[in-house]
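Here is how names work: the chains are called A, B, and so on, in the same order as the sequence lines, proteins then strands, and each is numbered from 1. What you are looking at is a predicted structure, and each value in this text was computed from that prediction instead of being measured.
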Amino acid sequence: MDYKDLANVIFPYVKDISYYEEKYPRRNLPEGAVVTRFAPSPTGFVHIGGLYQSVIAKKIANQTGGVFFLRIEDTDQKREVEKGVTGIIDALKEFGMSPDEGMINEDEYVGNYGPYKQSLRKEIYQAYAKYLIEKGDAYPCFCKQEQLDEMRAKQENAKLRTGYYGVWSKCRHIPVNEAIQKINDGEDYIIRFKSQGREDKKIKHHDVIKGNIDFPENDQDIVIIKADGLPTYHFAHAVDDHLMGTTHVIRGDEWLSSVPLHLQLFQSLGFKSPKYAHIAPIMKEENGAKRKLSKRKDPEAAVSYYAEVGIPEEAVDEYLLNIANSNFEQWRRQNQDAKMEEFELQLNKMSVSGALFDIVKLCDISKRVISKYTKEEVYEKALNWAKKYDKHLEELLEKNKEYSLKVLGIERGNLKPRRDIGKWEDVKENIIYMYDEEYFKEKPQYEFQKITDKEEIKNIINTYIEEYFDINDDKETWFNKIKDLSEKFGYARETKEYKQNPDNFKGHIGDISTVIRICLTGRANTPDMFEIMKVLGKESVIKRLKMAIEKL
RNA sequence: GGCCCGUUGGUAAAGCGGUUAAUACACCGCCCUUUCACGGCGGAGACAUGGGUUCGAGUCCCGUACGGGUCACCA
């Protein structure tokens with residue numbers, strides 16, 4: 001009896017690995033093309049860190065003429081969630097990160113290296129496990145959970161390294177015929193990797209992001225096939241990334257310490273190992289301590305959060321890209337209208353330690369992104385958001401589309417667009433005073449600034465309405481009239497004039513404009529007043545101004 | 001605890017043995033300006049710490065502190 005017999009007893013029906021090696025030939029890609037993947041578990045929640053990985057992986061693949069694929073790692077069936085795969089696919093799509101190949105819904109896929117869902121590849125893993133058993137590089141382990149717990153307790157008491165290695169790896173030394181006997185007797189078992197590593201020896205590894213790292217060799221006989229016949233992450237990673245032709249494994253740096261094991265697995269299986277790029281996680285500060293963004297505590301950890309508050313997906317993408325390569329924002333300033341895709345990402349320029357998530361910075365980026373949108377785009381995107389999250393805003397926008405477009409178009413599309421909307425959530429507050437039905441319903445509070453004398457305000461407004469206001473004026477005429485009005489009341493026509501001789505005036509044109517602005521809109525800060533008047537129309541302007549002075 | 005990794009203004013982050021230690025966001029001031037925003041100019045603010053190596057250290061080496069990761073039939 002030898003290893004081959006043992007392998008046959010355990011996996012009598014699986015195919016030979018040569019079948020899979022032929023079925024999944026090496027990819028025919030140009031020199032330098034990088035193949036990457038996003039490989040999440042369908043646990044019902046796409047984390048911002050997962051998106052971050054995807055942004056990087058997709059970018060690297062695309063800019064080298066390679067492939068970015070999506071593989072679902074559902075080998076832990078306990079954690080699986082209904083419609084988890086669809087959730088991931090939809091989220092990637094929303095953020096423009098759809099893969100070139102991989103799963104396209106719960107159980108269908110595109111691409112030549114599928115299935116791209118691990119639970120559907122069970123027999124593939126088993127074929128390779130069988131191969132390892134035949135080689136004597138894997139063996140069945142009959143240890144019960146209680147035995148393992150006991151062993152761990154002993155190790156801890158003796159202050160030894162925990163785990164299944166060296167003298168502790170009992171089943172590793174069971175003779176083949178004995179093992180076969182146990183299996184035939186119906187004993188439960190799992191398959192372990194027979195590590196040839198030695199803890200006192202070092203291996204050198206070069207990580208694309210983290211640089212050179214020395215590790216002790218792995219000497220743990222880790223589980224490769226679990227009791228349910230499915231592989232563990234480590235084994236599936238080796239088999240899948242080999243068969244699928246992944247050239248660069250881009251993943252979270254919680255995997256860094258598994259590298260010695262993974263390298264060993266690749267070697268033992270006779271695979272060429274991929275390059276590794278371990279990404280530092282996105283962190284959050286709490287009570288002075290840094291920690292990973294947590295799905296339980298931090299709403300911003302879920303990518304769905306950004307849709308809720310109304311931050312455009314491309315703003316999130318750009319923010320993530322900026323965390324990845326901080327020279328992105330410099331590039332962005334120089335290439336304002338270029339597509340994000342044109343930026344060249346460099347893995348080796350990524351930070352080795354985790355960046356704190358900065359929502360203020362994100363909003364700044366978002367404001368810039370939104371300021372570039374046309375009024376039609378703003379209208380459509382804000383409306384889409386409002387349909388889900390703000391019924392009132394939805395009504396407002398839909399009731400009069402043409403009018404809303406005019407409102408949203410104020411100071412938009414010119415050389416210095418306003419940057420006052422960071423999230424769709426902000427839109428309502430920004431435009432609501434422009435709608436008469438809302439404006440007159442709300443009864444604005446007028447908080448005057450420099451000119452506060454009621455009689456003075458009344459006179460200014462009345463004079464403006466009676467002698468100067470004409471909705472048909474062009475901007476220059478309109479503005480000259482405000483100047484005339486200012487002069488008439490003893491205010492300087494120009495700010496400069498006033499500053500040169502403040503004693504000669506009661507104030508300057510800015511003070512007069514502010515009074516009109518406040519009476520017109522109920523607020524001191526608004527976009528260009530001329531445009532506002534044009535949009536509001538004659539009747540509304542007069543009605544608003546009159547209402548303001550009546551209340552004085 | 002063992003093993004890895006890290007630590008430059010509030011945040012992100014250039015820097016690669018010789019720099020007045022960039023830049024962006026945030027903050028403050030000024031200018032522009034009918035307000036705000038935009039834009040322009042300016043300001044405050046940092047190399048965790050102790051030892052080496054060197055003519056010279058943010059940069060190289062060692063220690064310490066602090067932070068992060070990892071040590072499952074989870075990924």
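Look at the C1' atom in both B:C32 and B:G39: the space between them is 8 Å, to the nearest Å. One C1' atom belongs to B:A75, the other to B:A48, and the distance between them is 34 Å to the nearest Å. Separation of the P atoms belonging to B:G43 and B:U23 is 10 Å when rounded to the nearest angstrom.
Looking at heavy-atom distances under 4.0 Å, A:Ser513 makes contact with a base. Using a 4.0 Å heavy-atom criterion, one finds that A:Lys144 contacts no nucleic acid atom at all. Heavy atoms of A:Trp478 sit under 4.0 angstrom from at least one base atom. Using a 4.0 Å heavy-atom distance criterion, A:Ile190 is classed as a base contact. Among the heavy atoms of the strands, none lies under 4.0 Å from A:Asp420. Across all strands, A:Thr526 comes closer than 4.0 Å to base atoms (heavy-atom distances). Residue A:Lys290 is classed as a sugar-phosphate contact, given heavy-atom separations below 4.0 Å to backbone atoms only. Residue A:Ser486 is classed as having no contact, given no heavy-atom separation below 4.0 Å to the nucleic acid. Residue-level contact check: A:Gly163 touches neither bases nor backbone, having no heavy atom under 4.0 Å from any strand. At the heavy-atom level, A:Ala355 lies under 4.0 Å from the strands shown only through sugar-phosphate atoms. In this structure, A:Arg523 reaches neither bases nor backbone, as no heavy-atom distance under 4.0 Å exists between it and the strands shown.
Out of B:U70, B:A75, B:A13, the shortest distance to the side chain of A:Ser257 is found at B:U70. Here B:U34 is the nucleotide among B:A13, B:U34, B:C74 with the atom lying nearest to any side-chain atom of A:Lys475. In the set B:C71, B:C74, B:A14, the nucleotide with an atom closest to the side chain of A:Thr232 is B:C74. Among B:C25, B:U34, B:A75, the nucleotide with an atom closest to any side-chain atom of A:Ser41 is B:A75. Listed nucleotides B:C74, B:C38, B:U23 differ in distance to A:Arg419; the shortest reach to its side chain belongs to B:C38. Listed candidates were B:A26, B:C4, B:A13. Nearest to the side chain of A:Phe215 is B:C4.
Residue A:Met283 contributes atom CE, which lies 9 Å from atom C1' of B:G69 at whole-angstrom precision. In this structure, A:Asp358 places its CG atom 5 Å from C1' of B:U11, rounding to the nearest Å. Separating the NE2 atom of A:His278 from the P atom of B:G69 is a distance of 15 Å, rounded to the nearest angstrom. In this structure, the CD atom of A:Glu447 is 15 Å from the C1' atom of B:U35, given to the nearest Å.
In a base pair of the Watson-Crick type (N1 to N3 plus N6-O4 or O6-N4) or a G-U wobble (N1-O2 and O6-N3), with each distance short of 3.5 Å, B:U64 is matched with B:A48. Look at B:C71: its Watson-Crick or wobble partner, with both distances under 3.5 angstrom, is B:G1.
Relative to the ring axis of A:Tyr373, A:Arg412 does not place its NZ or CZ within 45° and under 6.0 Å from the centre. In this structure, A:Lys130 is not positioned above the aromatic face of A:Phe11 in the sense of NZ or CZ being under 6.0 Å from the six-membered ring centre and within 45° of the axis. A cation-pi arrangement is absent between A:Lys284 and A:Phe357 under the rule of less than 6.0 angstrom and at most 45 degrees off the ring axis.
A donor atom on one side chain and an acceptor atom on the other are not found under 3.5 Å apart for A:Thr477 and A:Asn480. Side-chain contact of A:Asp221 with A:Tyr139: a donor-acceptor pair under 3.5 Å is present, judged by distance alone.
Scanning atom types as modelled, one donor and one acceptor separated by under 3.5 angstrom connect the side chain of A:Arg517 and the base of B:U34. In terms of polar N and O atoms assigned as donor or acceptor, the side chain of A:Arg161 never comes within less than 3.5 Å of the base of B:C3 in a complementary pairing.
Residue whose closest nucleotide on RNA chain B sits further toward the 5' end, between A:Thr75 and A:Glu285: A:Glu285. Between A:Leu356 and A:Lys78, the one whose closest nucleotide on RNA chain B sits nearer the 5' end is A:Leu356.
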For this session: Could you walk me through whether A:Lys275 and A:Asp207 pass salt bridge (Lys or Arg N to Asp or Glu O under 4.0 Å), step by step?
Result: CA-CA 7 Å; A:Lys275 287 196 162 53; A:Asp207 188 274; over 6 Å; no

Exercise. Quick one: what's the B/S/- string for nucleotides 60-65 of chain B, heavy-atom cutoff under 4.0 Å, read 5' to 3'?
Worked result: ------

For this session: Spell out protein contact along nucleotides 27-33 of chain B as letters: B when the base is contacted, S when just the sugar-phosphate is, - when no protein heavy atom is under 4.0 Å; keep the 5' to 3' order.
Result: -----SB

